[in-house]
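Each chain gets a letter, A, B and so on, in the order its sequence line appears, and its residues count up from 1. Because the structure is a prediction, the values reported are computed rather than measured.
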2 protein chains.
Amino acid sequence: MDQIDYKILSTLNENARIPISELSRMIAMSQPAVTERLRKLEEQGVITGYRAELSPHKLGKHTTAFVLFKTNNCKDFLAFSETAPEIVDLYRISGEYNYLMKVLTETNESLARFLDSCNIYGYSTPLIVLSTSFEGKSLVASNV
Amino acid sequence: MDQIDYKILSTLNENARIPISELSRMIAMSQPAVTERLRKLEEQGVITGYRAELSPHKLGKHTTAFVLFKTNNCKDFLAFSETAPEIVDLYRISGEYNYLMKVLTETNESLARFLDSCNIYGYSTPLIVLSTSFEGKSLVASNV
DNA sequence: GTTGAAAAAACAGAGGA
DNA sequence: TCCTCTGTTTTTTCAAC
């Protein structure tokens, strides 16, 4: 992992669909060399995947909320949560509550309905997201 | 936006670097037609970008935490947070605390040091992430 | 890690349901 | 309007160095 690898990671974090030919021009290195570095970064698990980032709003999801909660049935809740399209992120956390989830619903009302339908207790008042200042900042500096 | 568009979105959410030729084979549609649909989805803002997903662990970030806090200097904090590599997500939220941030640091100790260095007050005990059950679930169903 | 040729894919045009 | 077909350009892959 050197400066060139960091540059590759930072560039792909900004635009994962950039052609390798263009990437290689940007970092002034031959295409096969960049391809080989990329292959290694994927193999080592530094790069875990490539994702299209979608607009929740354009897909009719107008409410984003974080909910802290407790559950005894960790295993059951995990199975449920994987099938619930509303839950996009799920974290096991330290502290009074043992889970944190990020939930996307169409409206505030559908958020309330969804929470009622979850088999959880002791959940916090939903932390409604008023605005997302930024999200998914790159883990590697862009000016390497 | 029809079923085919949803299929394109869901496929690109799983692998954003898939060649359009392969994508077009998967959904049994010609390449130019898929290219045109993709162009429109980007133009409409349904697709906001393509990102490489990196492993925090492989990059030396062993601690992930969510921190709720209050600040009066919203503008100043936003400027600071954009330059702080530790803060990867920042949300303005409803409720007693007015901000939620996701922070990645090398260790628990560096998390403590970072929070001390932030010009915020009334922040919650950091919600340390013990494990990420899942993250970034697709906003569109995969079985469309 | 570089160069250069062959294969594959992306792009841009005309034509058809 | 949206899709298909075809030729051209670009990109990727694979060889040898």
Side-chain angles (χ1 to χ4, degrees), chain A residues 1-62 85 106 136 138-144, chain B residues 1-60 136 138-144:
Chain A
M1 291 277 297
D2 58 10
Q3 297 296 74
I4 295 173
D5 283 328
Y6 281 113
K7 184 66 184 168
I8 291 172
L9 294 177
S10 126
T11 306
L12 285 175
N13 205 68
E14 282 167 23
N15 177 14
R17 276 189 75 79
I18 189 177
I20 289 182
S21 56
E22 197 178 328
L23 183 57
S24 68
R25 274 193 292 272
M26 287 171 69
I27 62 183
M29 180 179 275
S30 73
Q31 265 181 56
V34 174
T35 305
E36 181 62 11
R37 278 169 178 267
L38 194 51
R39 193 193 62 74
K40 282 186 184 165
L41 288 169
E42 289 169 355
E43 194 182 73
Q44 289 167 6
V46 179
I47 298 175
T48 55
Y50 303 98
R51 293 260 190 81
E53 200 178 57
L54 310 180
S55 162
H57 191 80
K58 299 277 179 177
L59 292 166
K61 307 287 189 175
H62 300 289
E106 298 190 1
S138 177
L139 271 55
V140 292
S142 58
N143 56 343
V144 187
Chain B
M1 291 276 298
D2 58 10
Q3 297 295 74
I4 294 173
D5 284 327
Y6 281 113
K7 183 67 184 168
I8 290 172
L9 294 178
S10 126
T11 305
L12 286 175
N13 205 69
E14 283 167 23
N15 178 15
R17 276 189 75 79
I18 189 175
I20 290 183
S21 57
E22 196 178 328
L23 182 58
S24 68
R25 272 194 294 274
M26 286 170 71
I27 62 183
M29 181 178 276
S30 75
Q31 222 175 95
V34 173
T35 303
E36 180 61 11
R37 279 170 178 266
L38 194 52
R39 193 192 62 75
K40 282 186 184 166
L41 287 169
E42 290 169 356
E43 194 181 73
Q44 290 168 5
V46 179
I47 297 174
T48 55
Y50 302 97
R51 291 261 191 80
E53 199 179 60
L54 309 181
S55 161
H57 191 79
K58 299 277 178 178
L59 292 165
S138 177
L139 270 55
V140 293
S142 58
N143 57 342
V144 187

Q. Atom CD1 of B:Ile27 and atom OG of B:Ser10: how far apart are they, to the nearest 0.5 Å?
A. 10.0 Å
Q) Can you tell me how far NZ of B:Lys58 sits from CE of A:Met1, rounded to the nearest 0.5 angstrom? A) 10.5 Å
(Q) Once rounded to the nearest 0.5 Å, what's the spacing between atom CG of B:Leu12 and atom CD1 of B:Ile20? (A) 8.0 Å
Between side-chain atoms of residues 32-42 of chain B and protein atoms elsewhere (two or more places apart, or another chain), which donor-acceptor pairs fall under 3.5 Å?
unit_1	atom_1	unit_2	atom_2	d
B:Thr35	OG1	B:Gln31	O	2.9
B:Glu36	OE1	B:Arg39	NE	3.3
B:Glu36	OE2	B:Arg39	NH2	3.0
B:Arg37	NH1	B:Asp2	OD1	3.0
B:Arg37	NH1	B:Asp2	OD2	3.4
B:Arg37	NH1	B:Asp5	OD1	3.1
B:Arg37	NH2	B:Asp2	OD2	3.2
B:Arg39	NH1	B:Glu43	OE2	2.9
B:Glu42	OE2	B:Tyr50	OH	2.6

**Q.** Contact check, side chains of A:Leu59 and A:Glu106, non-hydrogen atoms, under 4.5 Å
**A.** no
Q.
Restricting to side-chain contact (heavy atoms from CB on, under 4.5 Å), what partner residues turn up for B:His57, sequence neighbours left out?
A. B:Ser55, B:His62
(Q) Taking the axis from the first five pairs and the axis from the last five, what angle separates them in the helix from C:dG1-D:dC17 to C:dA17-D:dT1, rounded to 10 degrees? (A) 40°
Q) Using a heavy-atom distance cut-off of less than 4.0 Å, which residues of residues 14-32 of chain B contact DNA chain D? A) B:Met29, B:Ser30, B:Pro32
Q: Enumerate the residues from residues 46-54 of chain B whose closest heavy atom to DNA chain D is under 4.0 Å, giving them by residue number; use none for an empty result.
A: none
(Q) I'd like the 5' and 3' limits of the part of DNA chain D contacted by chain A, with heavy-atom contacts below 4.0 Å. (A) D:dT11 to D:dC14
Q | Pairs touching residues 45-56 of chain A that satisfy salt bridge (Lys or Arg N to Asp or Glu O under 4.0 Å), sequence neighbours left out | A | A:Arg51-B:Glu53, A:Glu53-B:Arg51
Q) So, A:Lys61 side chain and B:Leu139 main chain: donor-acceptor pair closer than 3.5 Å or not? A) no
Q.
By the ring pair (Phe, Tyr, Trp, His ring centres under 6.0 Å) test, which pairs, at least two apart or in different chains, include something from residues 9-43 of chain B?
A. none
Q. If you round to the nearest 0.5 Å, how far is OG of B:Ser30 from CZ of B:Arg25?
A. 13.0 Å
Q: Give the minimum heavy-atom separation between A:Ser21 and A:Ser24, together with the two atoms involved.
A: O-OG, 2.7 Å
Q) Which pairs count as salt bridge (Lys or Arg N to Asp or Glu O under 4.0 Å) when at least one residue sits in residues 12-23 of chain A, sequence neighbours excluded? A) none
Q: For B:Thr11, enumerate each residue passing the side-chain contact (heavy atoms from CB on, under 4.5 Å) test, keeping only those at least two apart in sequence or located in another chain.
A: B:Lys7, B:Ile18, B:Leu23, B:Met26
Q) Distance from A:Ile8 atom CD1 to A:Asn13 atom CG, nearest 0.5 Å? A) 13.5 Å
Q: Extract, from 5' to 3' on DNA chain C, the first and final nucleotides lying under 4.0 angstrom from some heavy atom of chain B.
A: C:dA9 to C:dA12
Q.
Under a 3.5 Å distance rule, please check whether A:Thr48 uses its side chain to pair with a backbone N or O of A:Gly45 as donor and acceptor.
A. no
Q) How is A:Arg39 classified with respect to the nucleic acid when contacts are heavy atoms under 4.0 Å: base, sugar-phosphate, or nothing? A) nothing
